[in-house]
Amino acid sequence: MRTKKLLSAATTFRLHKNKIPPIIKESLQSVKKSSVQSSPPLIPKGPSVLATSLINSYFEKGLIKEARMLFDEMPERDVVTWTAMIAGYTSLNYHTQAWVMFVEMVRNEVNPNAFTLSSALKACKGMKCLMHGALVHGLAKKKGLEGSMYVDNSLMDAYATCCVSMDNACMVFEDMKVKNAVSWTTLIAGYTHRGDGHGGLRVFRQMLFEEVEMNPYSFSIAVRACASTGLVVFGKLIHAAATKHGVGSNLPVMNSILDMYCRFGCLSEANHYFHEMTEKDLITWNTLIAGYERLDSSESLNIFSKMESEGFSPNCFTFTSVMAACANLAVLSCGQQVHAGIISRGLDGNLALANALIDMYAKCGNISDSQKIFSGMSDRDLVTWTSMMIGYGAHGYGKEAVELFDEMVKLGVRPDKIVFMAVLSACSHAGLMDEGLRYFESMMSDYNINPNQEIYGCVVDLLGRAGRVKEAYELIESMPFKPGESIWGALLSACKAHKLPNLGKLAAGRLLDLRPNMMGTYVMLSNIYAAEGKWGEFAKLRKIMRGMGSKKEAGRSWIEVRNQVRSFVVGDKMGSHTQYVYKILDLLIKHMKEAGYVHDIDCLIHDIEDGT
DNA sequence: CTAGGGTTAG
């Protein structure tokens with residue numbers, strides 16, 4: 001009783017930074033005295049219990065230094081104290097310190113128990129270090145702690161996250177004589193977190209089959225697994241099963257179900273269940289905002305403002321999605337307003353958020369602000385570099401993108417596939433052929449990265465621009481997968497530019513197989529026929545094009561003017577301001593002609609579309 | 001003093 005009272009007093013009133021509560025100090029000293037004076041100790045259960053509880057309180061409040069100081073001052077420490085330190089460090093993601101503590105403990109010949117080993121395994125998982133995990137596994141065997149549910153479960157978890165395959169985790173799972181819901185959930189999560197949703201679903205099905213008692217955790221991870229497979233029918237089944245098992249109103253479960261419908265693209269279902277939810281938290285809103293961002297960005301912004309009006313305060317997850325929505329819509333002043341909100345909440349140091357800001361400013365045409373954000377960042381990850389390079393590339397700043405890439409490599413950051421894609425596309429857009437081809441070589445020989453469809457597309461474009469069209473075609477032939485639209489499109493442009501009618505016809509044919517209604521392809525193909533003087537073929541194509549012209553939905557553009565978004569299409573005569581627009585256009589065209597611009601034949605595409 | 005679930009970035 002007294003311990004409890006003291007403890008609460010200590011934790012409530014005396015948790016000051018850099019100061020060990022006097023009451024603890026006294027009791028620690030009383031141990032030393034009591035052993036000499038043999039008077040009854042101040043605290044019945046022993047001071048280490050109190051100190052250990054205090055260590056936990058420190059960690060709960062994130063006061064690592066204080067916890068450590070108290071630990072260091074303790075005259076004697078038992079397993080529980082050591083374990084509290086290890087668990088405390090891991091709970092704050094200080095996995096290395098946790099591991100050091102564990103090693104230190106073993107060196108001090110303190111005998112670890114099941115609690116210790118499961119905490120140590122959590123540190124191994126956090127460090128993604130298989131070796132350490134295996135070491136603990138060996139120790140567990142030696143100490144006869146294999147068979148403890150906690151040890152086995154965390155061992156499974158460590159193996160699932162540290163190993164390249166699920167084999168080790170499965171082995172532990174199968175060897176377990178007794179399994180509980182946590183064991184099953186951990187296995188499902190292991191598959192799901194490595195992107196194998198099907199594997200996760202398989203285990204979940206087995207779990208249902210063996211009639212293991214279900215809890216909300218098993219359902220939310222199963223829903224997550226299902227979301228990544230795209231199996232809508234299964235998703236609805238699991239949703240129904242969750243309702244049947246009485247977890248259909250559990251908030252995390254509903255949040256993941258909401259996320260699942262969003263990922264399936266079932267926004268009306270997502271919206272329906274969102275409104276049916278009686279309890280919502282910030283994650284609920286964030287899930288919906290993120291879901292809409294991918295498919296309907298402007299609605300995403302509406303949901304965001306509704307969220308704020310209902311009294312929820314956005315966090316960095318919210319802002320990241322909202323920023324992406326602004327980027328998709330290219331609404332600069334809206335993005336700037338949200339940026340102000342980010343700064344006022346002190347979230348501008350968040351890495352993911354800064355990355356999203358770089359992207360937003362770049363997509364809104366404000367590359368200098370992207371640059372400002374980039375140079376003001378104290379730490380950067382691969383996404384940071386990539387976003388900046390993509391921004392440069394989109395603005396035609398190939399040289400800047402290349403320089404940024406080199407700077408990144410010089411700083412010791414290892415580029416991945418997407419960084420290469422960014423720099424290669426920047427090179428191809430800016431016509432930096434030699435640089436681009438050099439990076440392509442380096443990617444394969446120095447970094448062992450296998451190019452994907454998009455990278456091949458960039459390289460075909462680079463080779464094509466350089467006039468090495470035959471090589472580009474050979475590259476396409478050597479690809480380990482079926483070439484897609486962008487590849488044939490790049491080849492076709494190269495053929496047109498370098499006058500290779502036969503290869504051009506082949507490319508156009510493949511392109512039309514993949515997408516029959518592409519007007520641009522017909523235009524290019526007909527131009528090839530025209531250049532060859534094959535007017536019969538030319539006329540035939542033009543006839544086809546006239547027939548399909550009306551079916552094609554016009555490409556829509558939009559700009560933000562004085563906080564309002566105005567959109568328009570080719571030949572737009574709507575709206576009160578179009579007369580000014582056309583006046584400016586005429587002026588621009590006049591200037592261009594004066595500067596020596598020659599009308600390109602590709603503009604014929606407009607003739608077809610308006611039927612003029 | 002111990003394990004398991006949800007949202008985010010190119």
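In what follows, every chain begins at residue 1, and chains take the letters A, B, ... in the order their sequences are listed.
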Would you mind classifying the nucleic acid contact of [X] as base, sugar-phosphate or nothing, using non-hydrogen atoms under 4.0 angstrom?
| X | result |
| --- | --- |
| A:Asp152 | nothing |
| A:Ile418 | base |
| A:Asp281 | base |
| A:Asn153 | base |
| A:Arg263 | sugar-phosphate |
| A:Ser154 | nothing |
| A:Val419 | base |
| A:Arg380 | nothing |
| A:Asn113 | nothing |
| A:Asp416 | base |

Applying side chain to side chain contact (heavy atoms under 4.5 Å, CB included) between A:Thr116 and each of A:Ile86, A:Val80, A:Leu121, report the one that passes.
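So, applying the side chain to side chain contact (heavy atoms under 4.5 Å, CB included) to A:Thr116 and each of A:Ile86, A:Val80, A:Leu121, only A:Ile86 qualifies.
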Does the ring of A:Phe71 carry A:Arg77 above it, NZ/CZ under 6.0 angstrom from centre and within 45° of its axis?
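So A:Arg77 does make the cation-pi contact.
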Tell me which nucleotide among [options] gets nearest to the side chain of [X].
| X | options | answer |
| --- | --- | --- |
| A:Asn355 | B:dA9, B:dG4, B:dG10 | B:dA9 |
| A:Ala352 | B:dG5, B:dG10, B:dT8 | B:dT8 |
| A:Ser387 | B:dG10, B:dT7, B:dG5 | B:dG10 |
| A:Thr386 | B:dT2, B:dG10, B:dG4 | B:dG10 |
| A:Thr320 | B:dG4, B:dT8, B:dG5 | B:dT8 |

Tell me the closest heavy-atom pair linking A:Glu213 and A:Met207, and the distance in Å.
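Looking at all heavy atoms of both residues, the closest pair is O-CE, 4.2 Å.
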What are the two closest heavy atoms between A:Ile358 and A:Ser370, and how far apart are they?
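Closest approach of A:Ile358 to A:Ser370, heavy atoms only: O-OG, 2.8 Å.
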Could you state the [atom1]-[atom2] distance from [X] to [N], rounded to the nearest angstrom?
| X | N | atom1 | atom2 | value |
| --- | --- | --- | --- | --- |
| A:Asn315 | B:dA9 | CG | P | 13 Å |
| A:Met149 | B:dT2 | CE | P | 17 Å |
| A:Leu258 | B:dT7 | CG | C1' | 10 Å |
| A:Leu351 | B:dT8 | CG | P | 16 Å |
| A:Phe405 | B:dG10 | CZ | P | 19 Å |
| A:Tyr89 | B:dC1 | OH | P | 19 Å |
| A:Ile289 | B:dA9 | CD1 | P | 13 Å |
| A:Ile257 | B:dT7 | CD1 | C1' | 15 Å |

Pairwise side-chain contact, A:Tyr58 with A:Met69, heavy-atom cut-off 4.5 Å (strictly under)
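They are not in contact (no side-chain heavy atoms under 4.5 Å apart), so the answer is no.
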Are the ring of A:Tyr150 and the base ring of B:dA3 both nearer than 5.5 Å at their centres and tilted by less than 30°?
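Taking the rule of under 5.5 Å and under 30°, the ring of A:Tyr150 does not stack on B:dA3.
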Stacking here means centres under 5.5 Å and planes under 30°; does A:Phe115 stack on B:dC1?
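Check passed, A:Phe115 stacks on base of B:dC1.
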Kindly say whether, by distance alone, the side chain of A:Thr185 makes a donor-acceptor pair under 3.5 Å with the base of B:dG4?
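Absent.
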Is there a donor and acceptor pair, one atom on the side chain of A:Asn180 and one on the base of B:dG4, closer than 3.5 Å?
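No, the side chain and the base share no sub-3.5 Å donor-acceptor pair.
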For A:Lys122 and B:dT2, is the shortest distance between a side-chain N/O and OP1 or OP2 below 4.0 Å?
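Looking at the OP1 and OP2 atoms of B:dT2, neither is under 4.0 Å from any side-chain N or O of A:Lys122.
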Would you say A:Arg294 reaches B:dT8's phosphate, i.e. side-chain N/O to OP1/OP2 under 4.0 Å?
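Indeed, a polar side-chain atom of A:Arg294 lies that close.
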Could you tell me if the ring centre of A:Trp184 sits under 6.0 Å from that of A:Phe173?
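Yes, ring centres under 6.0 Å apart.
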Are the charged groups of A:Lys236 and A:Glu269 less than 4.0 angstrom apart, N to O?
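A:Glu269 and A:Lys236: salt-bridged.
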